[in-house]
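Heads up, the thing below is written out as structure tokens.
Keep in mind that the numbers below use all heavy atoms, side chains included, and drop hydrogens, waters and symmetry copies.
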Amino acid sequence: NTPVPDTALPVPKRNARQSTTFSRSSSGEKIHGGLPELHSDEHIAQSRAEFQMDQLSAADAEVIKENRAGDVPDGNFLSWAITLFGTAVGAGILFLPIDAGSFGFWPLLIATFLVLPLVFFSHRTYARIVSASPEKGLDVLQVVTALTGRKRGLATAILYWLAIYPTVLIYGISITNTVDSMIVNQLNGPHVNRVVLATICVGLMTGAFALGKKATLWLANILVYPLIIALAAVSIYLIPKWDLAGFMEYESGTPLWKSMLLLLPVMVFSFSHMAALSQFALDVQKKKKGDVAATEREVSKIELITAIMLVFFTMFFVWSCSLTLGAEGMDEARAQNIPILSYFANVTNTPFMAVISPVIAICAIASSYFGHMLGTEEGTSYLIRVAAPSVADRINPQALRWCIYVFVFVTTVLVAVLNPSILTLISAVGGIFVAFLVYIVPNLLFNKATAFKHYARRPDTIFVLIMGLIIMGVTIWQMF
């Protein structure tokens, strides 16, 4: 693996006499724990000295140069908030009522109050790996590698890929099933050959993503604005059909504590937008011209707006679906392996639901597909640079991207044709890989690197770690 040349990326060298910790800030004030003041010149200098840039390859150097180039960001405050919202509000959200509603009233009520701090704190903590990094232009995998070495960087990259790439496969299955259901049930047409249908659906989404990041952000925004309006409209439309008494009387047979534990993995997946966070934080870095404090503040603000939007629109939708269908309806939707809205469209036989349900499902899946393709491209290209550095050095970055798009297209079509159970995939991906990356990895890094040590003992960081350990434990327990 060819190291990054010092001429390509100048790195501050550690002074032999330089203390590994500072006891005072630049103003002379003593700082808690012997650390320099957060984002002070001393803190930035000491933090940068810990980055081992020679752990990255020459191909990484080219990617970092590309990330550092230019001053014009690809998105703005609102467009990134909408894109992150769209990344999460996909197949997981449309399947969430099936899992959440099937346990009954009280588990869903508790989950509603728990989800906002869970989503906001976990994703803000994860985004800080890039947003609070003193080295501009490094994505999340490059930061981990530069601070912990190639072996740990590779291990993290494999987990990253296993968390995001299967999610792309899930959206490929979902879009194929949703379009097939719409053709048969709403348009009264015949079943289209699954190979042909999957090729068209996945091909259109992958082709749209290949147009570039600016175009992808624009398309995601075009899809998400009407999606937000439609989700709210459906939630309100269903209010007259609510059966609160019946839902409260339902007894799932699963104890409350166990219901809450079983809900956690699917909630992690349903609200996850970690796939887009690394590229999002890099874009904010560009906007703030590498100012670490300003980047971290902007990323936190956008993440808070995203989390509030997700929780409000999604949980309102989940409650509306649950109170309308009841737990028995959720079990039937699960058996059909289709999003809840597709099930609604099939059983209500009302023109409004017949038209809007598949449209919402398709828009939600497509916007989430775009967001997760950002992470898939990032993770796959990193693995190629590590596994075959000489090949990565010879291939033009754009050509490498197109190879990744072809790989994703072919494999997603194959899995969509096979049509495995989506909820099984969601539980495994959300409960193990996403939980480890979003909830555990930041905590490990925060305790190691000076750049992040100020965050390591904060209550929100500890809360994220505890929840991550619980979620991973529950998922492993479910497997046996």
Side-chain angles (χ1 to χ4, degrees), residues 38-39 73-90 92-93 113-133 138-140 143 160 163-164 167 213 217 220-221 224 228 267-288 291-315 367-368 370-372 374-375 378 430 434-435 437-443 445-446 451-452 454-456 458-465 467-468 471:
L38 182 64
H39 302 148
D74 292 312
N76 55 39
F77 188 103
L78 185 58
S79 69
W80 271 114
I82 292 297
T83 299
L84 295 177
F85 176 90
T87 301
V89 67
I93 296 297
F113 286 103
L114 178 64
V115 70
L116 180 59
L118 194 67
V119 173
F120 172 62
F121 289 138
S122 63
H123 286 78
R124 183 180 66 171
T125 300
Y126 178 81
R128 276 178 173 154
I129 296 175
V130 175
S131 67
S133 167
L138 277 69
D139 64 34
V140 66
V143 170
Y160 187 80
I164 298 174
T167 309
K213 196 181 294 182
L217 288 173
N221 278 257
V224 172
I228 291 172
M267 282 174 62
V268 167
F269 180 87
S270 298
F271 290 94
S272 173
H273 45 282
M274 58 88 69
L277 286 180
S278 179
Q279 294 301 309
F280 152 60
L282 283 172
D283 201 49
V284 176
Q285 263 185 5
K286 187 180 292 185
K287 177 182 176 182
K288 298 300 180 181
D291 184 326
V292 179
T295 299
E296 206 283 321
R297 284 195 301 270
E298 180 91 345
V299 166
S300 294
K301 288 177 185 175
I302 295 174
E303 179 53 47
L304 179 60
I305 297 298
T306 301
I308 290 171
M309 288 171 56
L310 275 170
V311 171
F312 177 79
F313 286 103
T314 303
M315 294 312 294
S367 65
S368 292
F370 293 152
H372 284 81
L374 287 170
E378 181 180 87
V434 174
L437 285 165
V438 177
Y439 292 76
I440 309 297
V441 167
N443 278 274
L445 199 62
F446 287 7
F452 311 110
H454 292 82
Y455 305 114
R458 291 189 178 183
D460 57 313
T461 307
I462 295 170
F463 167 75
V464 169
L465 174 64
M467 293 306 299
I471 291 161

Results of side-chain contact (heavy atoms from CB on, under 4.5 Å) for [X] - residues two or more places apart only:
| X | result |
| --- | --- |
| Ile305 | Phe77, Ala81, Met309 |
| Asn76 | Leu78, Ser79 |
| Ser122 | Val438, Tyr439, Val464 |
| Phe113 | Leu109 |

Look up atom [atom1] in [X] and atom [atom2] in [Y], then write down how far apart they are to the nearest 0.5 Å.
| X | Y | atom1 | atom2 | value |
| --- | --- | --- | --- | --- |
| Ser367 | Leu84 | OG | CG | 11.5 Å |
| Thr306 | Ile82 | OG1 | CD1 | 8.0 Å |
| Ile308 | Leu116 | CD1 | CG | 6.5 Å |
| Thr125 | Leu465 | OG1 | CG | 10.0 Å |
| Phe463 | Leu118 | CZ | CG | 5.5 Å |
| Asp460 | Phe120 | CG | CZ | 8.0 Å |

Are side-chain heavy atoms of [X] and [Y] found at a separation under 4.5 Å?
| X | Y | value |
| --- | --- | --- |
| Arg458 | Phe121 | no |
| Tyr160 | Val441 | no |
| Tyr455 | Leu38 | yes |
| Leu282 | Val130 | yes |
| Val268 | Met467 | no |

Q) So, does Thr295 use its side chain to make a donor-acceptor pair with the main chain of Lys288 at under 3.5 Å? A)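 Checking the backbone N and O of Lys288 against the side chain of Thr295, no donor-acceptor pair under 3.5 Å is found.
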
Q: Show your working on side chain to side chain contact (heavy atoms under 4.5 Å, CB included) between Thr87 and His372 and close with a plain yes or no.
A: CA-CA 7 Å; Thr87 301; His372 284 81; 3.6 Å; yes

Could I get the full list of side-chain hydrogen bond (donor to acceptor under 3.5 Å, both in side chains) partners for [X], not counting sequence neighbours?
| X | result |
| --- | --- |
| Lys213 | Gln279 |
| Gln285 | none |
| Tyr126 | none |
| His273 | Glu303 |

Heavy-atom pair with the smallest gap, counting every atom of [X] and [Y]:
| X | Y | value |
| --- | --- | --- |
| Val292 | Ser133 | CG2-O, 3.7 Å |
| Gly86 | Ser368 | O-OG, 2.7 Å |
| Ala456 | Thr461 | O-CG2, 3.9 Å |
| Gly468 | Ile440 | C-CD1, 3.9 Å |
| Leu310 | Phe271 | O-CE2, 3.9 Å |
| Val299 | Ala127 | CG1-CB, 3.7 Å |

Q. Step by step, would you call Ser272 with His123 a side chain to side chain contact (heavy atoms under 4.5 Å, CB included)?
A. CA-CA 8 Å; Ser272 173; His123 286 78; 4.2 Å; yes

Q: Mind checking ring pair (Phe, Tyr, Trp, His ring centres under 6.0 Å) for Phe313 and listing every partner two or more places apart, or none if nothing turns up?
A: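 Applying ring pair (Phe, Tyr, Trp, His ring centres under 6.0 Å) to Phe313 gives none.
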
Q: Tell me, please, which residues at least two apart from Phe452 pass ring pair (Phe, Tyr, Trp, His ring centres under 6.0 Å).
A: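 Residues passing ring pair (Phe, Tyr, Trp, His ring centres under 6.0 Å) with Phe452: Phe446.
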
Q | Test side chain to side chain contact (heavy atoms under 4.5 Å, CB included) applied to Met274 and Ile164, step by step | A | CA-CA 9 Å; Met274 58 88 69; Ile164 298 174; 3.7 Å; yes

Q: May I have all residue pairs that pass salt bridge (charged side-chain N to carboxylate O under 4.0 Å, His left out) and include part of residues 270-286, sequence neighbours excluded?
A: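 Those involving residues 270-286 do not exist here.
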
Q: Go through the structure and list residues passing salt bridge (charged side-chain N to carboxylate O under 4.0 Å, His left out) with Glu296, not counting sequence neighbours.
A: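 In terms of salt bridge (charged side-chain N to carboxylate O under 4.0 Å, His left out), with neighbours along the sequence ignored, Glu296 is linked to Arg128.
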
